[in-house]
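Notes for the one structure printed next.
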Amino acid sequence: MKCSKSSKILTAATAVSLAASLAKSCEAFTSPLANPVNKRSVSSLGVSIGLGPEDKPPTPEKEAEKETTGTVGEVTPKFDNPYDPERVILGEDGEPLAHITDHEPYRQSRVSNSDRAADAWFGALLESEGGSFLGSISEEHKQRLLQKVELADEPVINYGEEEWTPYVVRRLPTSPLYPAYGLETYGLPVPRRGAEAWRHFDVNGLTAMDYSGRPEGVGTDKELSEKEIEDTVASLKSKGAWLDDDLCDGRLVYINGRFCPSLSKTTDEVKNLNSADFESGLSAETLDLLARLPDGHTDKLAAEVPDSSKGPLTSLEKLSGPDHSVGKATSQFAINNQQGTAAFAALNSVKAGSVAYVHASMKDASADSEEGEVASKPVLVVNAQTPSGGSASAEDDKGVAFHPRLLAVADDRSVLSLVQMCVDLNEDSEEAPCATFVNGYTQVYVGANANVTHSFLEESGGQVTSRVEISDQEAAEESIVSPREEEAKRPALRDTNFQAIDVHITGDEGAYAGSIMELGGCGRSRISISTCLLRPGASAAINGFSLSGGAQRSDMRTNIHHMAQGTISRQEQRNMVGGRSTASFRGRIRVEQSAQQTDSEQLSRTILLSDHARIWATPSLEIIADDVTCTHGATVSDLSEEELFYLRSRGLDRTTARNLLMYAFVEEIGSSVDERIAGGFDDENGLRSRVVRRLENLVPQGEKTLVGGEFQSV
């Protein structure tokens, strides 16, 4: 190929240019003046920017080389303590900014109108009329609520110290320190609309209700006449909430928060603890268990966690520390991962009239059995509520609150089957309905080689209104009253039911199996269960089902905390959401660094029955250990068209086919409930029959058609 002289000159110039560019590119990787990958820069706000901490802190010689003359917003780097009074930060005008040391004036500066309403609502519950009945426990927890969190910076830990970590978030000394969301007014976090623990929950609707009333006679036993006993027993049997004396090891019945001796079967180990028991003095161990608060607000672990490298672990906030610890329970980072139950557990201690106490000891096991363990008869604890909630007031806008409490302790090598039920009583009576707030707190402690089966059934609030998903126009075309209007007038829509279940497996090889079924018709319901596996070989199985319809707002939250080595957990959560209801599920599993060889599985499955129903399903895993087997997943779907076609091709009508599929979806969870309380298939008042009636109330109507690109029930 021939080229002209001018083209040769151009080619040579291009080559020189490319060579120069290449040299500059190489310098970018080899020149000592280039910024290394981990070198930090400083923004105008004095915040370090980079990909992470340096491998080693800068030496004093390098610090001395840095220019110490300040520029706008620059932080002088010569002080080891970031809050040293001599540290100078310049503002935009070039003048030094004053350090902020008194943070109290800023405590309420981020509180919104919604937050103020939540604080006032909680304060009305705390200061409601009536005394406390749990002795020192009531006093201690009330003090925890009223004592505000101190606004103080975390101590400065220097490099080389045992607790030093590069993952520290600090404020500038010229900026104020704010409390974590929910801690502006009280010492334990209360509901906040935007907080992680209350996301997707109807906080504004909750705080708009007044539950500051108290049932009549709280703290005293409820005496019933012979006629009332007969009627109450018949009503409880019709709801499956009754076991005869020969079918149970104990039975404790509470009506509107008051203990009913005439309906209960008590023993030395299944009994009601009232104010007299607290005044006469309970054992120090029992008081310590009752004093524990969930969500890590009692930092001392219920049992020591063995750790070969650090020795026995006793502090929750220091697990997997210092780099991966959760930290103080009142820090914003820790609160973001909590269930929001601590304040309500403390409120329960302040306002509860008594405590249901269940104790399973090793002597309950048969010596003739191979393992020393036999299936014990269940212990039944029933919390029933009447339409009036036990209120003596005729004020329509003022609801009542009662606070059921249960403490269950299973000693080493014991067996316990515990059944809890929340039911309605005398719904057909002429009592004026009153809005009710149920704030239950259940504590379960499982010893070494103990086996606890726990069935929790929430069936209060009656049934929701069916077919609320249809529009008012469709209702008019069918010449029926609008289901939405009927649902809005339903008294139970004003009710709220909160349940917190706190489980601690404190012995080697301890086993806990919980079946939680949320079936009621309360306007707002929330069940939170936390399970801590503290000893090697501990195992937990959590099966949950949540059914919501009408205009309900339901929330199910679970927390499984693996702390010891070789622990096992299995969780399956099923949700069925119909009508115009909104449901949420958040399941959290955390595996600490000390919990090597953990085996954990979690699955959430949801069926949406209408186009207007909503579900937020959030399974999550936090794994610090590196030798684990963990899985989690979530599915959301409608009823299968293929399965419906198969059933209808066998002669079933559309409604029956759908109801059959819905029941099969629930039965896998319902079958884990104690069979003596679940009843037989032909038992009219058994759990299966009650579930079927509730499902029939929510079954979708009409054929499915393609609307807007999706199959929908019309």
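Sequence positions, counted from 1, serve as the residue numbers for this chain.
Checking H562, R590, H561 one by one against E622, the side-chain hydrogen bond (donor to acceptor under 3.5 Å, both in side chains) holds for a single residue, R590.
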Between H99 and Y83, is a side-chain hydrogen bond (donor to acceptor under 3.5 Å, both in side chains) present by the stated rule, with each step listed? CA-CA 8 Å; H99 287 210; Y83 308 113; over 6 Å; no

Going through the distances and angles, do R524 and T496 end up as a side-chain hydrogen bond (donor to acceptor under 3.5 Å, both in side chains)? CA-CA 5 Å; R524 286 167 294 273; T496 301; 3.1 Å; yes

With ring pair (Phe, Tyr, Trp, His ring centres under 6.0 Å) as the test, would you mind laying out the steps for F122 and Y186 before giving the verdict? CA-CA 10 Å; F122 189 84; Y186 296 99; 5.3 Å; yes

Evaluate the criterion ring pair (Phe, Tyr, Trp, His ring centres under 6.0 Å) for residue pair F402 and F437; output intermediate values, then yes/no. CA-CA 7 Å; F402 40 92; F437 173 62; 9.0 Å; no

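With salt bridges taken as basic N to acidic carboxylate O contacts below 4.0 Å, none links K142 and E139. No salt bridge links R170 with D153; every basic N to acidic carboxylate O contact stays at or beyond 4.0 Å. Using a cut-off of 4.0 Å between Lys/Arg side-chain N and Asp/Glu carboxylate O, D599 and R570 are scored as salt-bridged. D555 has no carboxylate O lying under 4.0 Å from a charged side-chain N of R553, or vice versa, which leaves the two without a salt bridge.
For the pair R116 and W121, the cation-pi test (distance below 6.0 Å, angle within 45°) is failed.
Around NZ of K148, the count of heavy atoms belonging to other residues, nucleotides or ligands within 6.0 Å exceeds 12.
Of all non-hydrogen atoms in D202 and G205, the two that sit nearest each other are OD1-N, 3.0 Å. Closest heavy-atom contact between H632 and P619: CD2-O, 3.5 Å. Considering all non-hydrogen atoms of both residues, T207 and A118 come closest at CG2-CA, 3.6 Å.
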